[in-house]
Asks: 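Pasting a structure here, questions to come.
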Amino acid sequence: MEPERIDVCRFEQLLRDGRRLLLEGRHQAAGHTLESCLALWRGTPYPEMCDDALGTQAAARLEELRLLALESRWEAELAQEQDYSVIAADLATLSMKFPTRERLSWLHMQALYRAGRQAEALKVYHQTRRLLADEYGVDPCPELQDLFGSILRGASSVGRARPGAML
């Protein structure tokens, strides 16, 4: 069977294409490509193989790629100056589900700050910092710390991380 007829192959190709477009600064095209990528998602991957170690590993890999696609899509939307409040709401939900994903925290803070919600953006940083310290004994990544500093200073434009810098 041709790879383009297999959902997982199409998903991975669209993810690669979307991330490439994001790196090239073609945010609108990246957003559309990543949206097409995510539209292929239909529930838990490989549910028939959930008792199999190989199936579990393959499903976990695809779940990780799905999160990367979601993060990349939000990054594309933030770069297009979409409605930041709507983006912040969506990111809040995802961040609660994956509280130790620093890239999600970074995106959430960006959206909140750009929506004029500085205090909430700082709160996200403190929650993430506390969780990382309590659970793993580590500090947030440099990109998250830099964004926190920019927000504290009330920077007119907060820095953009290089796409994929926070994987």
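Keep in mind that the numbers below use all heavy atoms, side chains included, and drop hydrogens, waters and symmetry copies. Predicted, not measured: the structure shown is a model, and the values here were computed from it.
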Asks: Could you go through R101 and E71, starting from their C-alpha distance and side-chain angles, then the distance that decides it, and tell me whether this counts as salt bridge (charged side-chain N to carboxylate O under 4.0 Å, His left out)?
Replies: CA-CA 10 Å; R101 279 189 82 92; E71 291 168 343; 2.7 Å; yes
Asks: Can you find a pair of side-chain heavy atoms, one from P140 and one from Y125, that are under 4.5 Å apart?
Replies: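 SC-SC contact between P140 and Y125 confirmed.
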Asks: Sequence neighbours left out, what passes side chain to side chain donor-acceptor pair (under 3.5 Å) with D17? Give chain and number order.
Replies: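 For D17, the residues satisfying side chain to side chain donor-acceptor pair (under 3.5 Å) (neighbours in sequence not counted) are Q13.
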Asks: Could you work out the complete set of other residues in the hydrophobic cluster of L132, with links drawn between I, L, V, M, F, W and Y side chains under 4.5 Å apart?
Replies: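 Grouped by the 4.5 Å side-chain rule, Y136, V138 form the rest of the cluster around L132.
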Asks: Nearest 0.5 Å, please: how far is CD in Q127 from CD in E120?
Replies: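 Nearest 0.5 Å value for the CD-CD distance: 10.5 Å.
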Asks: Can you tell me how the ring of H126 sits relative to the ring of F148, calling it parallel under 30°, perpendicular over 60° and tilted otherwise?
Replies: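 The arrangement is perpendicular - the two ring planes meet at more than 60°.
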Asks: If I compare all heavy atoms of A111 with all of Y84, which pair ends up nearest, and what's the gap?
Replies: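 Smallest interatomic distance, heavy atoms only, reads O-CB, 3.5 Å.
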Asks: Roughly how far apart are H32 NE2 and L21 CG, rounded to 0.5 Å?
Replies: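 Spacing of NE2 (H32) from CG (L21) equals 11.0 Å.
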Asks: List the residues meeting side chain to side chain donor-acceptor pair (under 3.5 Å) with R130, not counting sequence neighbours, and say none if there are none.
Replies: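 Per chain and number, R130 pairs via side chain to side chain donor-acceptor pair (under 3.5 Å) with no residue.
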Asks: Step by step, work out the side-chain contact (heavy atoms from CB on, under 4.5 Å) result for E63 and W41.
Replies: CA-CA 10 Å; E63 286 285 353; W41 199 262; 3.8 Å; yes
Asks: Could you work out, with side chain to side chain donor-acceptor pair (under 3.5 Å) as the rule, every residue matching E35, not counting sequence neighbours?
Replies: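 Checked E35 against side chain to side chain donor-acceptor pair (under 3.5 Å); matches are R73.
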Asks: Rounded to the nearest 0.5 Å, what's the gap from CG on D139 to OG1 on T128? Could you check?
Replies: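 Going from the CG atom of D139 to the OG1 atom of T128 covers 12.5 Å.
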Asks: Does Q80 use its side chain to pair, donor to acceptor, with the backbone of H27 at less than 3.5 Å?
Replies: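 Judged by distance alone, yes, a pair lies under 3.5 Å.
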Asks: Donor-acceptor pairs under 3.5 angstrom involving side-chain atoms of residues 86-100: please list them, not counting sequence neighbours.
Replies:
residue	atom	partner	partner atom	Å
T93	OG1	A89	O	3.4
S95	OG	L91	O	2.8

Asks: Just do the side-chain contact (heavy atoms from CB on, under 4.5 Å) check on R66 and L70 with the steps written out, would you?
Replies: CA-CA 6 Å; R66 178 180 158 269; L70 285 166; 3.9 Å; yes
Asks: Can you give me the closest heavy-atom contact between C37 and L14, atom names plus distance?
Replies: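 Nearest pair, atom of C37 first, then L14: CB-CB, 3.6 Å.
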Asks: Test your reading of the model: is there a side-chain donor-acceptor pair from R20 to the backbone of R16, 3.5 Å cut-off?
Replies: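 Not confirmed, R20 side chain does not pair with R16 backbone.
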Asks: In terms of hydrophobic clustering (I, L, V, M, F, W, Y; side-chain heavy atoms under 4.5 Å; direct or indirect links), are Y113 and L152 co-clustered?
Replies: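 In one cluster: yes.
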Asks: Can you see whether Q110 engages R114 through a side-chain donor-acceptor pair at a distance of less than 3.5 angstrom?
Replies: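 R114 and Q110 do have a side-chain donor-acceptor pair below 3.5 Å.
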Asks: Is there a path of hydrophobic side-chain contacts, each under 4.5 Å between heavy atoms, that joins L68 and V8?
Replies: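 Yes, L68 and V8 fall within the same hydrophobic cluster.
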Asks: Kindly say whether I151 contributes a backbone atom to a donor-acceptor pair with the side chain of Q118 at under 3.5 angstrom?
Replies: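 The answer is yes, because a donor-acceptor pair under 3.5 Å joins these two groups.
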Asks: With sequence neighbours left out, write down each residue that passes side chain to side chain donor-acceptor pair (under 3.5 Å) with T33, or none if nothing qualifies.
Replies: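 For T33 there are no side chain to side chain donor-acceptor pair (under 3.5 Å) partners, ignoring immediate neighbours.
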Asks: Between R129 and L144, does a side-chain contact (heavy atoms from CB on, under 4.5 Å) hold up when you go through it step by step?
Replies: CA-CA 9 Å; R129 182 187 53 75; L144 205 55; over 6 Å; no
Asks: Can you measure from CG (L40) to CZ (R10) and round to the nearest 0.5 angstrom?
Replies: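 Output value for this atom pair is 4.5 Å.
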Asks: If you look at every heavy atom in A69 and L38, which pair is closest and at what distance?
Replies: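 That closest heavy-atom pairing would be CB-CD2, 3.7 Å.
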Asks: Show, in sequence, the C-alpha distance, side-chain angles and deciding distance for S85 and R117, and conclude whether the side-chain contact (heavy atoms from CB on, under 4.5 Å) test is met.
Replies: CA-CA 9 Å; S85 295; R117 296 160 57 187; 4.2 Å; yes
Asks: Would you say E102's side chain and C141's backbone share a donor-acceptor pair under 3.5 angstrom?
Replies: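 Flag set: sc E102 to bb C141 pair under 3.5 Å.
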